[in-house]
J.: 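Supplied in structure tokens, the structure appears directly below.
Heavy-atom basis, side chains included; hydrogens, waters and symmetry copies ignored. In what follows, chains are A, B, ... by sequence order, proteins preceding strands, each numbered from 1.
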Amino acid sequence: WKDIVHDHSSTWLATWIEKITGKRKYVWLHDSAVLRQSNDKEKYDKAKKLEKYIGKVQKQIIRIMLNSNNINQKKIATVCYLIFKLAMRVGDEKDPDEADTVGASTLRVEHIKFPEKDGKQFIEFNFLGKDSVPWQKTLEVNSQDTRGLYNNLKLFMNGKEHNSPIFDKITSSKVNMFLRNIDPKNVPGLTAKVFRTYIATKTVKEELSDPKIRVDKNSPEVEKIYVMKMANLKAAITCNHKKGIDPKNPASRKALEKFEEALRNKEESIKRIRSDIAAKKWKTEIQKKRLEDRLVKLEMQLKLQKETRDYNLGTSLRNYIDPRVMRAWLNYVQLDWRKIYTTTLQRKFKWVDDYSNSKLKEFYPIREETPLQEMKIVHNES
DNA sequence: AATGAGACTTGGAAAAATTTTT
DNA sequence: AAAAATTTTTCCAAGTCTCATT
């Protein structure tokens with residue numbers, strides 16, 4: 001024992017420096033601990049505040065990005081724009097002996113290109129993010145703010161070496177300082193990571209309120225799950241939660257082959273069922289119905305498997321999507337939330353149990369039909 | 001303002017558990 | 001009932017952000 005500490009506001013139970021690596025280690029409280037629960041809730045509340053005042057925050061970032069004469073302010077606002085627009089991480093400074101990964105503020109000249117195609121201009125990002133996951137997105141220059149971003153990037157990159165930082169002198173703490181001061185009254189404690197929570201949750205909300213397949217409480221369960229997973233996938237894509245398919249690694253190569261074979265097998269059995277149905281290989285109507293249900297289910301699963309192949313849905317469900325939004329929707333379609341959240345996640349999100357159905361309506365992702373009379377008195381604020 | 005250690009969140013992958021197929 | 005496929009849980013490294021110190 002080094003010391004015995006009594007601190008009820010602390011999330012760790014023990015900490016020490018590991019001899020071999022020299023790194024600090026912790027024993028943390030469990031996800032279900034009261035303290036962890038309230039921290040988690042706070043995180044999502046913060047993101048909700050950002051959602052409420054995003055218009056103002058966005059305006060301020062863009063205004064400074066476009067108009068500031070102070071080059072450092074301009075740089076900071078440009079970094080914020082990338083975080084807000086593309087859900088980039090902020091990119092803390094790192095030791096040179098750690099893996100060479102970057103975020104918005106640590107981008108280098110080599111990470112951005114400006115391709116043109118059919119007379120259109122694009123900004124192309126290509127770098128390694130957290131855990132060396134490839135981060136590749138391309139943005140079209142097609143609005144006043146993307147034009148501003150384009151001009152700024154060119155300005156900051158002008159005359160610089162391939163490997164020099166674009167936003168030199170800008171650190172993550174400066175970025176966070178800037179964010180904190182945008183609207184401290186309405187969005188207190190705004191930092192870079194809040195944007196990822198906000199964006200992921202918003203993405204899910206939008207997808208659930210307008211899914212490819214319409215679902216309601218009477219829809220079959222597979223369809224409900226499909227819609228939920230697609231929303232989850234969209235969030236995973238915006239957060240860049242890619243699943244490791246590294247073509248250089250023979251192990252993942254093999255995994256890919258296996259995956260493709262599994263797909264083929266599924267396709268086979270779908271065909272089989274289909275021909276069974278066509279051949280009227282059923283004796284009763286109930287049997288026929290069962291066969292058809294099985295077909296629909298298999299088809300959905302296959303589609304899902306194909307579409308989610310390269311993405312890891314777990315991370316966004318665990319860390320980014322406000323569980324209250326998901327639960328409100330699950331209530332709406334009358335799907336038990338235990339079908340979506342595993343036991344571990346149910347434990348983690350135990351704090352949501354405090355919300356009554358009516359309280360959850362506040363997070364309801366379904367746009368309710370607006371009566372015509374009401375629409376007349378709606379004004380456009382901007 | 002800059003630095004750096006400490007505290008807490010997020011990440012993919014490995015391992016384990018469970019379900020499905022043969 | 002074994003094997004294979006899939007899902008869930010665990011693991012711990014890699015991030016972000018805060019706070020104290022200079």
J.: Distance to the ring centre below 6.0 angstrom and angle to the axis at most 45 degrees; does that hold for A:K361 and A:Y364?
T.: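 Yes, cation above the ring, under 6.0 Å and within 45°.
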
J.: Nearest whole Å is fine: how far is C:dT7 C1' from A:K243 NZ?
T.: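 My rounded result for the distance is 10 Å.
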
J.: A:K74: what forms a salt bridge (charged side-chain N to carboxylate O under 4.0 Å, His left out) with it, not counting sequence neighbours?
T.: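 Partners of A:K74 under the salt bridge (charged side-chain N to carboxylate O under 4.0 Å, His left out) test: none.
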
J.: If a pair satisfies side-chain hydrogen bond (donor to acceptor under 3.5 Å, both in side chains) and one of its residues is in residues 188-203 of chain A, list it, with sequence neighbours excluded.
T.: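 For residues 188-203 of chain A, and leaving out neighbouring residues, the side-chain hydrogen bond (donor to acceptor under 3.5 Å, both in side chains) pairs sorted by first residue read A:R196-A:Y320.
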
J.: With a 3.5 Å cut-off and no angle check, do the side chains of A:S9 and A:D7 form a donor-acceptor pair?
T.: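 Side-chain D/A pair, A:S9 to A:D7: present.
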
J.: With sequence neighbours left out, what residues match A:E51 under salt bridge (charged side-chain N to carboxylate O under 4.0 Å, His left out)?
T.: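 Partners of A:E51 under the salt bridge (charged side-chain N to carboxylate O under 4.0 Å, His left out) test: A:K205.
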
J.: With heavy-atom distances below 4.5 Å as the criterion, would you say the side chains of A:M88 and A:L107 are in contact?
T.: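 A side-chain contact exists here, since the closest heavy-atom pair is under 4.5 Å.
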
J.: Could you tell me if the side chain of A:K46 sits less than 4.5 Å from the side chain of A:P188, heavy atoms only?
T.: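 Side chain of A:P188 against side chain of A:K46, heavy atoms only: no contact under 4.5 Å found.
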
J.: Going by number, which of residues 73-108 of chain A have a non-hydrogen atom under 4.0 Å from DNA chain C?
T.: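 A:R89, A:V90, A:G91, A:D92, A:K94, A:T101 - these, ordered by number, are the residues of the stretch whose heavy atoms sit under 4.0 Å from the strand.
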
J.: With a 4.0 Å heavy-atom cut-off, tell me which residues in residues 127-138 of chain A come close to DNA chain B, sorted by residue number.
T.: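 Nucleic-acid contacts, sorted: A:K130, A:D131, A:V133.
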
J.: When you compare the side chain of A:E93 with that of A:S172, does any pair of heavy atoms fall below 4.5 Å?
T.: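 When only atoms from C-beta onward are counted, A:E93 and A:S172 do touch, with a gap below 4.5 Å.
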
J.: Which pairs, protein N/O on one side and nucleotides 9-12 of chain C N/O on the other, fall under 3.5 Å?
T.:
| residue | atom | partner | partner atom | Å |
| --- | --- | --- | --- | --- |
| C:dT9 | OP1 | A:T343 | OG1 | 2.8 |
| C:dT9 | OP1 | A:T344 | OG1 | 3.1 |
| C:dT9 | OP2 | A:T342 | OG1 | 2.5 |
| C:dT9 | OP2 | A:T344 | OG1 | 2.2 |
| C:dT9 | O5' | A:T344 | OG1 | 2.9 |

J.: State whether a side-chain donor-acceptor pair under 3.5 Å links A:R324 with A:Y355.
T.: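 A pair is found: one side chain offers a donor N or O, the other an acceptor, under 3.5 Å apart.
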
J.: Residues of residues 166-204 of chain A with any non-hydrogen atom less than 4.0 angstrom from an atom of DNA chain C: list those, numerically ordered, please.
T.: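 When residues 166-204 of chain A is checked for heavy atoms under 4.0 Å from DNA chain C, the hits, listed by number, are A:N176, A:R180, A:T191, A:A192, A:K193.
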
J.: A:M326 versus A:L317: any side-chain heavy-atom pair under 4.5 Å?
T.: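 A side-chain contact under 4.5 Å exists here.
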
J.: Name the one of A:L82, A:L86, A:I54 that satisfies side chain to side chain contact (heavy atoms under 4.5 Å, CB included) with A:F195?
T.: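 With A:F195 as partner, side chain to side chain contact (heavy atoms under 4.5 Å, CB included) holds for just one option, A:I54.
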
J.: Side-chain contact, heavy-atom cut-off 4.5 Å: A:K25 with A:I17?
T.: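 No, side chains not in contact.
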
J.: Heavy-atom count around A:K229 NZ within 6.0 Å, excluding the residue itself: above 12?
T.: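 It does not: A:K229 NZ has 12 such atoms or fewer within range.
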
J.: Can you tell me if A:Y26 touches the phosphate of B:dA7, counting only side-chain N or O atoms and a distance under 4.0 Å to OP1 or OP2?
T.: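 A:Y26 to B:dA7 OP1/OP2: side-chain N or O found under 4.0 Å.
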
J.: For A:R338, give me all partners under salt bridge (charged side-chain N to carboxylate O under 4.0 Å, His left out), at least two apart in sequence or on another chain.
T.: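 Listed in chain order: A:D336.
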
J.: Quick one: ring pair (Phe, Tyr, Trp, His ring centres under 6.0 Å) pairs with a partner in residues 131-160 of chain A, sequence neighbours left out?
T.: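 Checked against ring pair (Phe, Tyr, Trp, His ring centres under 6.0 Å) - neighbours excluded - the pairs reaching residues 131-160 of chain A are A:F114-A:Y150, A:F127-A:W135, A:F156-A:F167.
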
J.: Check whether the side chains of A:T21 and A:E18 place a donor and an acceptor atom closer than 3.5 Å, and report yes or no.
T.: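 Indeed, the side chains of A:T21 and A:E18 share at least one donor-acceptor pair under 3.5 Å.
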
J.: What nitrogen or oxygen pairs link the protein and nucleotides 20-22 of chain C at under 3.5 Å?
T.:
none

J.: B:dA13 P sits how many Å from A:L313 CG, rounded?
T.: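 Rounding to the nearest Å, CG of A:L313 and P of B:dA13 are 14 Å apart.
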
J.: Quick one, which residues of residues 31-52 of chain A touch DNA chain B with a heavy atom under 4.0 Å?
T.: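 Listed by number, they are A:R36, A:N39, A:K43.
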
J.: Taking only heavy atoms on the protein side, list every residue of residues 11-20 of chain A lying under 4.0 Å from any atom of DNA chain B, sorted numerically.
T.: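 Here the set is A:T11, A:W12.
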
J.: Using a distance-only test with no angle check, is there a side-chain donor-acceptor pair under 3.5 angstrom linking A:T15 and A:R24?
T.: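 A:T15 vs A:R24: donor-acceptor pair found between side chains.
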
J.: Nearest whole angstrom, please: distance from the C1' of B:dT10 to the CD1 of A:I321.
T.: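 Answer to the nearest Å: 14 Å.
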
J.: Give the rounded distance in Å between these two atoms: CG of A:L302 and P of C:dT6.
T.: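 Going from CG in A:L302 over to P in C:dT6 covers 11 Å.
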
